[in-house]
Amino acid sequence: MPPGALSPAERDRSWARLGEEDFDVLVIGGGVTGAGVALDAATRGLRVALVEARDLASGTSSRSSKLFHGGLRYLEQLEFGLVREALRERELMLTRLAPHLVKPVSFLYPLSHRLWERPYTAAGLLLYDTMGGARSVPGQKHLTRAGALRLFPALRRDALIGGIRYYDAQSDDARHTMTLARTAAQYGAVVRTSTQVTGFVREADRVAGVHVRDVESGAETSVTANVVINCAGVWTDELQRLSGSRGRFRVEASKGVHIVVPRDRIVAESGLILRTEKSVLFVIPWRNHWIIGTTDTEWNLDLAHPAATRADIDYILEHVNSVLATPLTHEDIEGVYAGLRPLLAGESEDTSKLSREHAVARPAPGLIAIAGGKYTTYRVMAADAVDAAAADLPNRIPASITDKVPLLGADGYHALVNQADQLAARHGLHPYRVRHLLDRYGSLVHQVLAEAADDPELLKPVPGSPDYLQVEIVYAASHEGALHLEDVLTRRTRISIEYPHRGVDSAEAAARLMGRVLGWDEDTVREEVRVYVARVEAERESQTEPDDQTADARRAAAPEARPRLEATA
């Protein structure tokens, strides 16, 4: 197996290493921040382990707007430092660190007020461009109403008087986070999912490690480390309580809901950004689809499975339909997903006003906590967390170098794009298939295609989900750490939100492909399919409920893919 592969054999080795080795840094949480911390620490020469109770990116990091953006609206809140920082990170992703995963995307900002709005918005976008926004993407372009309608014909003529086109960047967040974790593993980090922290190891007044349970087998062990870094996102406060030390900040969960509709329902050549009374609404191009969102409401219920309500979906439809010539209906919706932003609690009760700045604290010797921030600035957050951990490490540590460390698949990507036709001919695939694979795996595409060397049938599409090849399901289980059907259909691929069947029509075929790698018998295949189908049914039902409480009750009725998990509030 190549370095960085999260294979079943590597999973067994990782369990042994957790119990036997002493680590410098133990990271709790397999979201983008935890994976970023693991990579940052490993590339500084530290001995690193990362544990995640569920799957990589199973929380917030697979449920974002899928944008690497500076945060145009934060300029209005005068958070210039945050925007400048985010734009620098976007530039790094596009050009050096992850060009295979992060791509430019254009947005139309429709103007509806004469006189003041164009100069006001242009000034903000000029600031955006000069802070670093226009280095790797085109700068703003001003459009008349006719020009804006040519770019976005789906808009009602009376919805705008003109527009401004600007660029940001987008990425499949779950794939990016998983690739980040695999890159950390390539540099020596132990990365282990389905591994839940059940308690903390203490020596006198300091934290010296954690107790963990393998939620697949039920096995338990203890992990010793000089410093534990809590990167649990919306679970930060729960972990803080478990550690027995007083937290330095509080994290509030804000629910964001997105809907996915087919590309042909909105005729446009660009994304769209709309102002709402609370925040902004994006219409984001996503392969053969549009992602539309997001909402921003307080959430105090199940942190693992936030539920979208009928009211959330109606809110999105109402706002987007206010500018569309042909309104969208509930029947147009292919997928829905809800995620929780881990916001630092502030003075304001309005979650959309809470800061997206991050905070790092040392609540006890040997324990660091980091929370807040936004997906785009994960690398800066990670560096700050490891810098803070230096106080608990015996030796002086080098400075962060992750701005120079490309993620797995980045090296060689551009050359392979130029060779896509030859690569396609060699494997008997259409060139568009190869380009699709390159934008998901980069130069790791050779590893993916090698999985089909002895079985050309794997180069055929997944039944019910023709955008994906069967070999991608196999590779997810053999190299990407996928342990359950849910991991593959919702995160390694996006089948669960890109098809009206939400993965149900592909579930059995995908389970059998995974089972080849993971050694599943017929009973296990059937159980994986049953649990996944029950999850989809529960989500569909929750999305018909009028409020959070009833939607949460519906969603909570579904079985857990990892039944040995201990519930958190």
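Remember, predicted model here, so these are calculated numbers, not experimental data.
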Does the pair Glu472/Arg440 count as a salt bridge with the N-to-O cut at 4.0 Å?
yes
How are the rings of His176 and Tyr378 set relative to one another: parallel (under 30°), tilted (30 to 60°) or perpendicular (over 60°)?
perpendicular
Mind checking whether His258 and Tyr337 have parallel, tilted or perpendicular rings, split at 30° and 60°?
parallel
Pairing residues for Arg265 by the salt bridge (charged side-chain N to carboxylate O under 4.0 Å, His left out) criterion, not counting sequence neighbours
Asp332
Listed once per pair and sorted, the salt bridge (Lys or Arg N to Asp or Glu O under 4.0 Å) pairs that draw on residues 516-526, sequence neighbours left out:
Asp455-Arg516, Arg512-Glu522, Glu522-Arg526, Asp523-Arg526
When you compare the side chain of Asp173 with that of Ser61, does any pair of heavy atoms fall below 4.5 Å?
no
Using ring pair (Phe, Tyr, Trp, His ring centres under 6.0 Å) as the criterion, list what pairs up with His427, not counting sequence neighbours.
none
For Glu545, what residues pass the salt bridge (charged side-chain N to carboxylate O under 4.0 Å, His left out) criterion, not counting sequence neighbours?
Arg554
Looking at Tyr432 versus His436, is the centre-to-centre ring distance below 6.0 Å?
no
Any residue meeting salt bridge (charged side-chain N to carboxylate O under 4.0 Å, His left out) with Arg150, in chain and number order, not counting sequence neighbours:
none
Ring centers of Phe107, His69 separated by less than 6.0 Å
no
By salt bridge (charged side-chain N to carboxylate O under 4.0 Å, His left out), Glu480 pairs with (sequence neighbours left out) Arg175
Arg564: which residues meet the side chain to side chain donor-acceptor pair (under 3.5 Å) condition with it, sequence neighbours left out?
none
Residue set satisfying side chain to side chain donor-acceptor pair (under 3.5 Å) with Ser400, at least two apart, ordered chain then number -> Asp40, Thr402
For Arg562 and Ser58, what are the C-alpha separation, side-chain angles and deciding distance, and is it a side-chain hydrogen bond (donor to acceptor under 3.5 Å, both in side chains)?
CA-CA 12 Å; Arg562 292 165 166 81; Ser58 59; over 6 Å; no
What pairs of residues pass the ring pair (Phe, Tyr, Trp, His ring centres under 6.0 Å) test when at least one of them lies in residues 490-510, not counting sequence neighbours?
Tyr499-His501
Salt bridge Arg530-Glu527, side-chain N to carboxylate O under 4.0 Å
yes
Not counting sequence neighbours, which residues clear side chain to side chain donor-acceptor pair (under 3.5 Å) with His479? List them please.
none
Do the charged groups of Glu216 and Arg11 touch, with an N to O distance under 4.0 Å?
no
Results of side chain to side chain donor-acceptor pair (under 3.5 Å) for Ser506 - residues two or more places apart only
Ser465
Go through the structure and list residues passing side-chain contact (heavy atoms from CB on, under 4.5 Å) with Ala174, not counting sequence neighbours.
Ala57, Ser62, Asp172, Arg491, Arg494
Is any NZ, NE, NH1 or NH2 atom of the basic residue among Arg287 and Asp467 found under 4.0 Å from an Asp or Glu carboxylate oxygen of the other?
no
Asp421/Arg435 salt bridge by N-O under 4.0 Å criterion:
yes
Trp299 side chain to Pro306 main-chain N or O, any donor-acceptor pair under 3.5 Å?
no
Please tell me if the side chains of Val533 and Glu537 come closer than 4.5 Å, counting only heavy atoms from C-beta onward.
yes
Between Arg502 (side chain only) and Glu334 (backbone N and O only), is there a donor and an acceptor less than 3.5 Å apart?
yes
